[in-house]
Amino acid sequence: MWPSSVTEAEAVQESLRPRLDLTGPGPLRPSTVAGVDVAYAGDRLAAAVVVLDGTSLEVLEQVTVTGPVAFGYVPGLLAFRELPSLVEALERLTLTPGLIVCDGYGLAHPRRFGLACHLGVLTGLPTIGVGKTPFVGTFDEPGLPRGSWSELRLDGDVVGRVLRTRDGVRPVYVSVGDRMDLETACHNVLALTPRHRLPETTRAADRLCRRALADSLT
DNA sequence: GCGACAG
DNA sequence: ATCTTGTCGC
């Protein structure tokens, strides 16, 4: 049963939020890391999951799924638009990644249950959210050197970090999804960004879902 | 009430 | 997300 209205979807988030495991530290530099992303064209979409070796960052496995868009985009409800296809792609995976890096947010969310949290609860795997643009929360501009960061706060809580992954380049917005802690999440993001602003996982998944979408339209 | 708003 | 040209910089 998938929510068919904004009200229903918000209720689902509220009901799943208690299932998050936010205790203990999350895995630091797991042996395998997965990146997920979705590309759209009208009412069609293509989802991609790419598993990389946590050390060499080489591609170990990749899966794509195409289908119809099942939920319109509503800020705060992105998960209902992307999760159906992403979960299916993850199920077709042979390997079980030690961490999943999502495009978007985790705890830094209006109801503290963004895409990364939702995917974590559904898969039982550690997840983190890496957003490319601000969504919720307030923050100060982090220092210019790579590795500099500032707190992302929402109401009185620290819900994430604004992290500089490249000297003088726009920062990314990191928040915890499930089975992960903020400090470790940032260390993982830095390990995944040896030469680009965005994690190699999201770059690989982005390229793959765009190719899959183009091919599916042929 | 009005505007802003991950991808 | 996607629609779009040229352009600056590593």
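First the proteins, then the strands, lettered A, B, ... as listed; each starts at 1.
- Salt bridge present: A:Glu183 and A:Arg161 bring a charged side-chain N and a carboxylate O closer than 4.0 Å.
- In this structure, A:Phe71 and A:Pro84 have side chains that are not in contact, with every pair of non-hydrogen atoms separated by 4.5 Å or more.
- The CG-P distance, from A:Asp43 to B:dG7, rounds to 22 Å in whole Å.
- Note on A:Thr133: every side-chain N or O is 4.0 Å or more away from OP1 and OP2 of B:dC5.
- Taking atom CZ of residue A:Arg81 and atom C1' of nucleotide C:dA1, one finds them 7 Å apart after rounding to whole Å.
- Residue A:Arg210 places at least one side-chain N or O under 4.0 Å from the OP1 or OP2 atom of C:dA1.
- Under 4.0 Å is where a charged nitrogen must lie from a carboxylate oxygen, and between A:Glu14 and A:Arg17 no such pair does.
- Phosphate proximity of B:dA6 to A:Tyr173: absent, as no side-chain N or O sits under 4.0 Å from OP1 or OP2.
- Annotation: of the two residues near DNA chain C, A:Arg166 and A:Tyr40, the 5′-most nearest-nucleotide partner is A:Tyr40.
- Base engagement by A:Gly114 is indicated by at least one non-hydrogen atom pair under 4.0 Å involving a base atom.
- Phosphate proximity of B:dA6 to A:Lys132: absent, as no side-chain N or O sits under 4.0 Å from OP1 or OP2.
- In this structure, A:Tyr105 places its OH atom 11 Å from P of B:dC5, rounding to the nearest Å.
- Salt bridge annotation for A:Lys132-A:Asp103: present, with a cationic side-chain nitrogen under 4.0 angstrom from a carboxylate oxygen.
- With a 3.5 Å limit on both pairing distances and Watson-Crick or G-U wobble geometry required, DNA chain B contains no stem of 3 or more pairs.
- We find that CG of A:Leu78 is positioned 20 Å from P of B:dA4, with the value rounded to whole Å.
- Rounding to whole angstrom units, CG of residue A:Leu86 and C1' of B:dG7 are separated by 11 Å.
- Salt bridge present: A:Arg112 and A:Asp157 bring a charged side-chain N and a carboxylate O closer than 4.0 Å.
- In this structure, of B:dG7, B:dC5, C:dA1, it is B:dC5 that holds the atom nearest to the side chain of A:Pro75.
- Spacing between atom CG of A:Asp206 and atom C1' of B:dG7 amounts to 11 Å, rounded to whole angstrom units.
- You can call A:Tyr73 stacked on the base of B:dG7; the centres are under 5.5 Å apart and the planes sit within 30°.
- Both A:Val121 and A:Val101 belong to a single network of hydrophobic side chains, linked directly or stepwise wherever heavy atoms of I, L, V, M, F, W or Y lie under 4.5 Å apart.
- Straight-line distance from the CG atom of A:Asp37 to the P atom of C:dT2: 8 Å, rounded to whole Å.
- If you check the side chains of A:Thr193 and A:Arg146, you find a donor sitting under 3.5 Å from an acceptor.
- Rounded to an integer number of Å, the gap from CG of A:Leu217 to P of C:dA1 is 17 Å.
- Centroid-to-centroid, the aromatic rings of A:Tyr173 and A:Phe139 come within less than 6.0 Å.
- A:Ala108 comes within contact range of no nucleotide atom at all, as no heavy-atom separation falls under 4.0 Å.
- When heavy atoms are screened at a 4.0 angstrom cut-off, A:Gly129 is found touching no nucleic acid atom at all.
- At a threshold of 4.0 angstrom between heavy atoms, the contacts of A:Leu45 with the nucleic acid are absent.
- As judged by a 4.0 angstrom heavy-atom cut-off over every strand, A:Pro134 is placed among residues touching the sugar-phosphate backbone only.
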